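Note that these values count all heavy atoms, side chains included, but never hydrogens, waters or copies made by symmetry. In the text below, chain A, chain B and the rest are named by the order of the sequence lines, each starting its count at 1. Quantities reported herein were computed from a predicted structural model and do not represent experimental measurements.
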Amino acid sequence: MKKIEAIIKPFKLDDVKEELNKIGIHGITVTEVKGFGRQKGHTELYRGAEYRVDFVPKTKLEIIASDEMIPSIIEVIEKSAKTGNIGDGKIFISSVEEAIRIRTGEKGESAI
Amino acid sequence: MKKIEAIIKPFKLDDVKEELNKIGIHGITVTEVKGFGRQKGHTELYRGAEYRVDFVPKTKLEIIASDEMIPSIIEVIEKSAKTGNIGDGKIFISSVEEAIRIRTGEKGESAI
Amino acid sequence: MKKIEAIIKPFKLDDVKEELNKIGIHGITVTEVKGFGRQKGHTELYRGAEYRVDFVPKTKLEIIASDEMIPSIIEVIEKSAKTGNIGDGKIFISSVEEAIRIRTGEKGESAI
Amino acid sequence: MNKINRILTVLGGLFLVLFSWVTPVFAAAAKTPKFVPGNIAWVLASTALVLIMTPALGFYYGGMVRKKNVLNTISLSFITICTVSVVWILWDYSMAFGPDAFLGIIGNLKYLGLAAMGVNQHSRYDGTIPSFIYVMFQLMFAIITVALISGSLVERIKFSSWVVFTIIWVTIVYAPVAQSVWGIGGLFQKMGALDFAGGTVVHINSGVAGLAGALVLGKRKGYMKENIVQPNQLAYTILGGALLWFGWFGFNAGSALEASGLAASAFLVTNTATAAAAISWMLAEWIHSGKPTTLGMISGAVAGLVAITPASGFVNPLAAIVIGLVVGVLCYSMVVFVKPKLGYDDSLDAFNVHAIGGAWGALATGLFADPLINPAGRGLFYGNPHQVVIQLITILSVAGYSFVMSFIIFTLIDKFMGLRVSKEQEAMGLDITQHEESGYNL
Amino acid sequence: MNKINRILTVLGGLFLVLFSWVTPVFAAAAKTPKFVPGNIAWVLASTALVLIMTPALGFYYGGMVRKKNVLNTISLSFITICTVSVVWILWDYSMAFGPDAFLGIIGNLKYLGLAAMGVNQHSRYDGTIPSFIYVMFQLMFAIITVALISGSLVERIKFSSWVVFTIIWVTIVYAPVAQSVWGIGGLFQKMGALDFAGGTVVHINSGVAGLAGALVLGKRKGYMKENIVQPNQLAYTILGGALLWFGWFGFNAGSALEASGLAASAFLVTNTATAAAAISWMLAEWIHSGKPTTLGMISGAVAGLVAITPASGFVNPLAAIVIGLVVGVLCYSMVVFVKPKLGYDDSLDAFNVHAIGGAWGALATGLFADPLINPAGRGLFYGNPHQVVIQLITILSVAGYSFVMSFIIFTLIDKFMGLRVSKEQEAMGLDITQHEESGYNL
Amino acid sequence: MNKINRILTVLGGLFLVLFSWVTPVFAAAAKTPKFVPGNIAWVLASTALVLIMTPALGFYYGGMVRKKNVLNTISLSFITICTVSVVWILWDYSMAFGPDAFLGIIGNLKYLGLAAMGVNQHSRYDGTIPSFIYVMFQLMFAIITVALISGSLVERIKFSSWVVFTIIWVTIVYAPVAQSVWGIGGLFQKMGALDFAGGTVVHINSGVAGLAGALVLGKRKGYMKENIVQPNQLAYTILGGALLWFGWFGFNAGSALEASGLAASAFLVTNTATAAAAISWMLAEWIHSGKPTTLGMISGAVAGLVAITPASGFVNPLAAIVIGLVVGVLCYSMVVFVKPKLGYDDSLDAFNVHAIGGAWGALATGLFADPLINPAGRGLFYGNPHQVVIQLITILSVAGYSFVMSFIIFTLIDKFMGLRVSKEQEAMGLDITQHEESGYNL
Ligand SMILES: Nc1ncnc2c1ncn2[C@@H]1O[C@H](COP(=O)(O)OP(=O)(O)O)[C@@H](O)[C@H]1O
Ligand SMILES: Nc1ncnc2c1ncn2[C@@H]1O[C@H](COP(=O)(O)OP(=O)(O)O)[C@@H](O)[C@H]1O
Ligand SMILES: Nc1ncnc2c1ncn2[C@@H]1O[C@H](COP(=O)(O)OP(=O)(O)O)[C@@H](O)[C@H]1O
């Protein structure tokens with residue numbers, strides 16, 4: 001089992017979610033985050049004073065999936081989250097040791 | 001050291017936290033997240049037009065704990081977060097290599 | 001590649017970010033979280049009734065970096081996030097298997 | 001003589017001209033006085049001011065509930081404006097303020113649909129203003145009285161049941177109470193009860209109905225067990241409270257029905273008692289709980305507005321300070337000591353503030369009514385202990401009638417259509433489940 | 001005789017004193033009547049009430065958009081207050097309400113900069129009030145008319161272009177329409193068109209201009225493809241709606257220009273139709289979509305306010321209920337059935353509610369105008385079918401003029417400076433890109 | 001003779017009737033005039049309008065601060081309404097507007113507790129309205145003056161110290177300034193200073209006190225080092241600004257104390273200058289910083305309201321445009337150039353906008369006062385350079401007095417009870433630490 005964390009542009013969430021659905025991924029946990037990276041933030045004005053706001057609103061997806069699903073998930077995210085502009089985001093993969101479904105107590109891949 | 005990530009129903013947070021406290025877990029980091037899963041979202045109306053809102057508000061707990069604590073933590077969460085209905089959530093376990101307490105510089109298990 | 005998760009006091013974010021920049025870290029993902037730990041929350045009043053609010057607002061930084069950067073990142077965070085008071089937070093390190101830059105498809109260390 | 005004659009002729013001619021102009025004034029003064037534009041202007045403005053009080057109440061209440069119930073809470077007030085406005089025109093004004101039909105407790109149906117009311121008809125209640133504006137001014141009182149009740153019921157009452165409730169209650173509870181206290185020939189009116197702007201009719205009436213509703217509904221899930229108090233945006237509550245204060249000048253000073261010294265006096269004591277009550281509640285909380293809260297200040301202000309309402313056309317400025325100081329501590333004590341002890345879930349304290357504050361105000365009117373302010377009222381401290389008795393009879397009668405009738409109405413609605421949302425709906429929140437909307441997309 | 005002489009002397013002396021005081025009254029009554037403080041008080045208050053309607057509109061609109069556009073949406077209304085206020089003083093009042101210069105469609109420039117207007121000059125439109133207050137009262141109507149248009153354009157119009165638009169439109173569309181419908185000697189005024197408070201001048205005029213703008217601008221990105229409807233804070237919309245209702249009493253009852261029975265009547269029917277329309281829209285949605293939404297209630301209320309506007313000084317309370325009930329269902333149907341079918345992106349339904357609701361109201365005035373309410377108006381149901389024809393001509397003329405002219409203005413602005421923000425700006429939101437601000441830091 | 005006799009008898013009889021009715025009018029005209037309901041209606045409405053300005057100020061300020069301070073900031077305004085309302089009745093009205101006790105700078109204690117004031121007493125300041133309403137109208141000015149000061153102090157002043165400050169300051173700074181500028185026999189009043197609605201008494205007075213407070217308090221932690229500017233919800237600021245604009249009509253046009261052409265004129269120039277100033281600030285920012293911000297527009301509007309205040313009863317519409325255009329650029333420059341250079345932390349610019357804008361307005365009154373608008377004022381451009389001198393003396397005297405006294409009061413409070421919250425409290429926010437509440441649970 002692996003965990004995929006993808007940082008994407010917020011307005012791409014709907015697309016990505018739909019494409020993931022199509023390949024059978026139904027469990028996703030989403031967090032609103034702020035990103036610092038190459039993509040620059042914006043400036044804001046307050047009574048003539050200019051302030052840099054460095055962070056960029058981003059959306060983080062977390063998906064726990066079985067090892068064999070990983071390549072296709074990555075492919076789908078790469079495609080559907082891409083705009084070609086700076087700030088499209090990252091995908092990180094790490095390993096997960098166990099998963100448990102609270103409702104049923106199921107463990108392992110059947111829990112995800 | 002392991003990291004437990006539990007996605008639970010928001011209104012269960014207080015219960016879960018209390019039960020964890022009882023078994024000596026005092027450090028928890030909590031994030032408000034949106035979940036996509038089997039539990040369906042809801043519909044919203046805007047001037048007669050109906051929109052599906054797919055996500056369900058969830059709460060994510062992150063607990064870093066020593067290996068021996070893991071089974072009891074899981075047990076406690078499973079019990080106290082359970083309602084028996086779809087959407088009760090998941091528990092994921094992964095391994096953590098190091099922990100550091102910023103204030104004191106302590107490392108390892110004494111830092112958690 | 002490793003992932004550093006640091007839970008810090010929110011008002012330290014700017015400092016930490018700047019210091020990380022100085023050592024060449026430009027990619028950070030930041031989440032607003034609530035922390036339960038040794039640092040106590042506060043009480044709130046509502047028409048004479050007192051309620052304990054246990055959680056403390058915290059900020060979580062996630063940085064994926066190459067193994068050799070890890071010690072200096074830890075050092076920088078430890079220094080710049082420290083106030084010496086309870087609640088300064090924690091740093092957790094775990095391993096990451098792969099990173100992909102969505103825009104270019106780059107993989108591994110060149111993606112972070 | 002010629003000269004005299006000519007002078008007389010001229011004089012006489014002028015006199016005729018003058019007379020034809022002056023006569024109607026006297027005639028009118030004798031029967032119905034002429035419209036006075038200044039009075040009309042003030043009552044029109046006051047009516048608009050009282051209208052804004054009900055959405056203000058929605059915000060006052062809406063800020064205090066959990067975010068999942070914010071829209072529903074505001075809309076309970078909002079829909080009340082709509083239902084009561086229509087019902088009022090169709091039949092309710094006539095029942096509340098039409099010529100008395102029965103024992104001084106209910107008006108006849110002369111004004112059904114207002115069909116029999118002319119655009120330039122002089123109001124029976126103050127001949128210097130048109131009837132239509134009196135209808136509107138009183139409508140605004142009926143609206144807010146009903147809306148106030150929702151404060152005891154929020155976070156669990158079914159929206160559809162609330163809509164039905166508003167129509168029934170304003171008909172069979174509000175109308176008779178209004179007629180008997182304010183109607184020409186009303187039961188308590190004839191007894192000499194003093195209620196300048198609605199201590200009994202509005203506040204005791206609604207607060208007691210709220211308690212009845214809270215009892216029929218039962219407590220919110222988790223009440224007194226977990227912290228279900230997470231006011232979503234207290235600034236709404238302050239905004240609502242401030243607009244209530246603003247609108248209340250129309251409520252109290254408008255109740256003079258004329259732009260006069262009495263209106264000015266009502267304005268002054270309203271502001272004074274409100275300020276005093278805000279300070280008093282704040283200090284009570286500061287001493288008792290350790291901090292002066294913004295919610296405490298605004299709650300105290302509302303309590304002050306409630307208490308001065310019946311007294312506003314009768315008492316002098318110093319009495320207003322006393323009335324305000326007392327009500328702040330009194331309502332704070334209700335909320336902090338009595339409510340948890342008795343255990344009823346008066347969610348936003350409609351009963352604790354309006355019924356109790358209103359009762360104190362009605363009683364205080366019997367104590368402090370100063371004939372130098374208004375010759376129509378003389379209280380205990382000005383040598384008329386009898387007034388206190390009249391006030392007590394009125395308070396208890398209105399409270400008793402309202403409680404019993406409201407309890408029956410709530411119970412019947414519960415029987416026929418269910419009064420409370422399901423447990424799941426309560427947990428998900430009423431915004432989504434009653435309206436399929438959510439308060440915030442931030 | 002001595003006695004008689006003495007008496008006569010006394011009488012004469014008194015008479016002189018009296019006469020010198022009475023005469024001007026008569027003289028004034030004959031030519032310009034005296035100022036009536038009560039009327040002035042009411043029109044001053046009404047003007048303030050109408051002023052608050054435009055920020056209220058900003059909040060009504062602002063709550064409905066996505067959070068990235070909230071400040072921009074509110075500021076479209078806010079800046080309109082500023083630009084129109086200055087333009088009005090400089091030239092626009094004179095063009096709209098000055099003595100007619102040409103065919104009853106445009107005023108002359110006599111009042112340029114108001115330089116020729118004295119502080120105690122009696123208004124040409126109602127001699128009991130000063131000209132200055134009439135200028136202000138009418139200004140508030142001009143402001144909100146322009147601001148209403150923004151409801152069709154939000155979430156994509158360039159701020160700078162909007163500013164330019166407001167100045168041009170209020171000059172070459174609003175002024176002629178106002179003069180021809182309301183001006184002394186105005187084209188439709190002479191024909192006998194009835195528009196008490198602005199069904200054609202304000203609502204049809206602005207709603208149709210909104211449609212023209214929506215067509216020139218094109219649809220928002222994602223419109224009808226994805227869910228771009230995420231109202232950031234619906235309580236703002238309720239707040240705005242409530243303040244609109246409040247202010248509208250000044251709009252309609254103030255249009256009597258006096259504190260009188262007619263003002264009271266306008267007040268009453270305004271409130272009644274609004275309540276009926278809110279209920280009607282709510283029920284339509286409840287039946288059609290399954291839930292009564294708070295947005296539905298408040299939208300219905302606004303539709304009711306729109307529809308009753310032209311009729312408010314002419315119809316009786318029961319007609320008001322009918323007008324309200326019809327407009328609620330009508331505008332709901334526009335929004336739910338017609339708009340998606342035709343596919344124009346009238347973002348916040350300025351056209352669907354104001355043009356359609358205003359047209360219904362103007363027509364209904366021709367149907368229900370009751371001479372017992374106001375002898376100046378007699379509708380079809382009171383034996384005057386001709387009035388309906390006049391109303392239709394006026395509705396179509398105003399709608400046609402406004403549509404064509406607005407379309408041209410929008411197109412020209414688009415040519416010269418661009419009307420719409422770039423795609424990236426639309427995606428990032430107009431708060432950041434137009435103002436470098438963000439609505440929330442929570 | 002018989003006939004003559006009879007006619008005379010009839011005439012005489014009628015005359016007596018008439019006389020008995022007419023006489024009091026003349027008598028009153030000679031001494032105190034009769035109450036005029038229209039005037040009372042307008043001043044009552046104006047007083048309510050001015051009341052709402054202080055909560056509006058709370059929201060105007062509250063939207064600009066960080067979210068951890070939102071409730072505290074609003075409550076600084078709110079509690080001021082309460083404390084000043086009570087103090088005013090008890091002693092402060094008498095000191096500010098009672099018969100002069102000493103050198104034209106302080107009233108005597110005749111009206112302590114208002115005990116000696118009858119309900120139908122004619123106001124000394126305008127006999128057509130009752131004294132009680134004048135007391136209330138002036139109270140609202142006192143309240144907002146004190147509340148304005150908080151704009152320089154927010155995000156760091158201790159709540160308890162603020163409460164104490166309001167009581168002391170309104171007594172020993174506000175009362176003498178009001179008496180000397182507006183009191184009958186007041187020092188500057190006798191010199192001929194023109195201040196229609198409070199440029200000196202309200203705005204210079206409060207703005208300068210704010211600066212004194214900011215200096216005693218010191219800068220907020222991080223000021224000019226990090227970005228401590230994160231307005232939590234700018235729509236609050238717009239809402240507050242809009243309600244300020246609305247209420248300001250009562251402030252300025254109400255200051256005529258009658259419903260008259262002068263009130264209408266004050267209304268008109270108020271609106272005009274405000275609009276011009278909003279545009280001017282917006283353009284200044286657009287040119288200087290690249291974007292027109294919503295905060296800029298609303299700040300400009302407030303600056304315009306401030307500047308026109310002293311001039312509102314004296315200048316014509318075109319002068320109002322000039323006054324507005326100048327103040328927008330002037331206050332923008334203060335905020336952008338002067339403040340950072342001098343380094344004082346006038347958190348929300350109470351000094352920069354109110355003291356500077358008020359001073360410009362007071363000066364402009366001396367320049368533009370047009371005797372055709374109000375014969376009581378003639379400025380430099382109408383041939384009276386002396387007026388400018390009087391205005392300057394008044395401005396400097398009020399500013400000097402207020403600064404010195406306020407500095408002393410703040411310093412003493414700091415000594416005795418501490419003026420500023422602790423560093424930890426400042427970091428945690430004042431909502432939690434001063435009130436144990438939080439602004440949002442979203
Ligand atoms: N090393 C990293 N660790 C954690 N998050 C990162 C890292 N690098 C980038 N991110 C996240 O990815 C987002 C996009 O990265 P950015 O450098 O702006 O553009 P791009 O994805 O095109 O390289 C950032 O806003 C940040 O949230
Ligand atoms: N594979 C997954 N990866 C990440 N999060 C998941 C995954 N599956 C479920 N979740 C999270 O768990 C929540 C509950 O899952 P759901 O399928 O709705 O019900 P249940 O927990 O009863 O199986 C989801 O809302 C989502 O946040
Ligand atoms: N074992 C843990 N697992 C996850 N998060 C933790 C853990 N321990 C602490 N934290 C996080 O770190 C924050 C700071 O910890 P706390 O015990 O308050 O103080 P300190 O960092 O000084 O030890 C907590 O608020 C919580 O968010």
Scanning both residues in full, the closest heavy-atom pair of Ala263(D) with Glu258(D) reads CB-O, 3.3 Å

Check for me whether the distance between the ring centres of Trp162(D) and Phe159(D) falls short of 6.0 Å.
no

Of Ala41(E), Ser260(E), Ala278(E), the largest count of non-hydrogen pairs under 4.5 angstrom with chain D goes to Ser260(E)

Relative to the ring of Tyr236(D), is the ring of Tyr440(D) parallel (under 30°), tilted (30 to 60°) or perpendicular (over 60°)? parallel

| Is the gap between the ring centers of Phe314(E) and Phe196(E) under 6.0 Å? | yes

Okay, Pro37(D) and chain E: the region with an atom under 4.5 Å from a heavy atom over there is both

Note: vs chain D, highest number of non-hydrogen pairs under 4.5 angstrom among Ile298(E), Thr274(E), Asn374(E) is Ile298(E)

Chain E shares the most heavy-atom pairs under 4.5 Å, among Leu114(D), Leu71(D), Val135(D), with Leu71(D)

If one checks every heavy atom of Ser160(D) against chain E at 4.5 Å, the contacting part turns out to be both

Most heavy-atom pairs under 4.5 Å with chain E, out of Met136(D), Met117(D), Gln233(D), belong to Met136(D)

Among Gly58(D), Ala115(D), Pro55(D), Ser85(D), the residue with the most heavy-atom pairs under 4.5 Å to chain E is Ser85(D)

Scored by heavy-atom pairs under 4.5 Å with chain E, the best of Leu51(D), Ile133(D), Leu49(D), Asn39(D) is Leu51(D)

I'd like to know whether Phe137(E) forms a side-chain contact (heavy atoms from CB on, under 4.5 Å) with Ser46(E), so could you lay out the CA-CA distance, the side-chain angles of the two residues, the decisive distance to 0.1 Å, and finally the verdict.
CA-CA 8 Å; Phe137(E) 185 63; Ser46(E) 292; 3.8 Å; yes

Counting heavy-atom pairs under 4.5 angstrom with chain E, the leader among Gly118(D), Ala56(D), Gly113(D) is Gly113(D)

Most heavy-atom pairs under 4.5 Å with chain E, out of Ile52(D), Leu139(D), Val86(D), belong to Ile52(D)

>> Looking at Gly62(D), is its backbone amide N or carbonyl O close enough to the side chain of Asn232(D) to form a donor-acceptor pair, meaning the two atoms are under 3.5 Å apart?
In response: yes

Note: vs chain D, highest number of non-hydrogen pairs under 4.5 angstrom among Gly247(E), Ala45(E), Pro292(E) is Pro292(E)

Given Val70(E), Ile279(E), Thr293(E), the one with more heavy-atom pairs under 4.5 angstrom with chain D than any other is Thr293(E)

In terms of heavy-atom pairs under 4.5 Å with chain D, the winner among Gly300(E), Gly261(E), Ala276(E) is Gly261(E)

Okay, Leu239(D) and chain E: the region with an atom under 4.5 Å from a heavy atom over there is side chain

Do Tyr332(E) and Ser289(E) have side-chain atoms, one donor and one acceptor, less than 3.5 Å apart?
yes

field: Candidate pair Phe267(E) and Leu44(D), rule side-chain contact (heavy atoms from CB on, under 4.5 Å), full reasoning
entry: CA-CA 8 Å; Phe267(E) 197 113; Leu44(D) 284 169; 3.7 Å; yes

Is it the case that Asn271(E) and Trp248(E) place a side-chain donor and acceptor less than 3.5 Å from each other? no

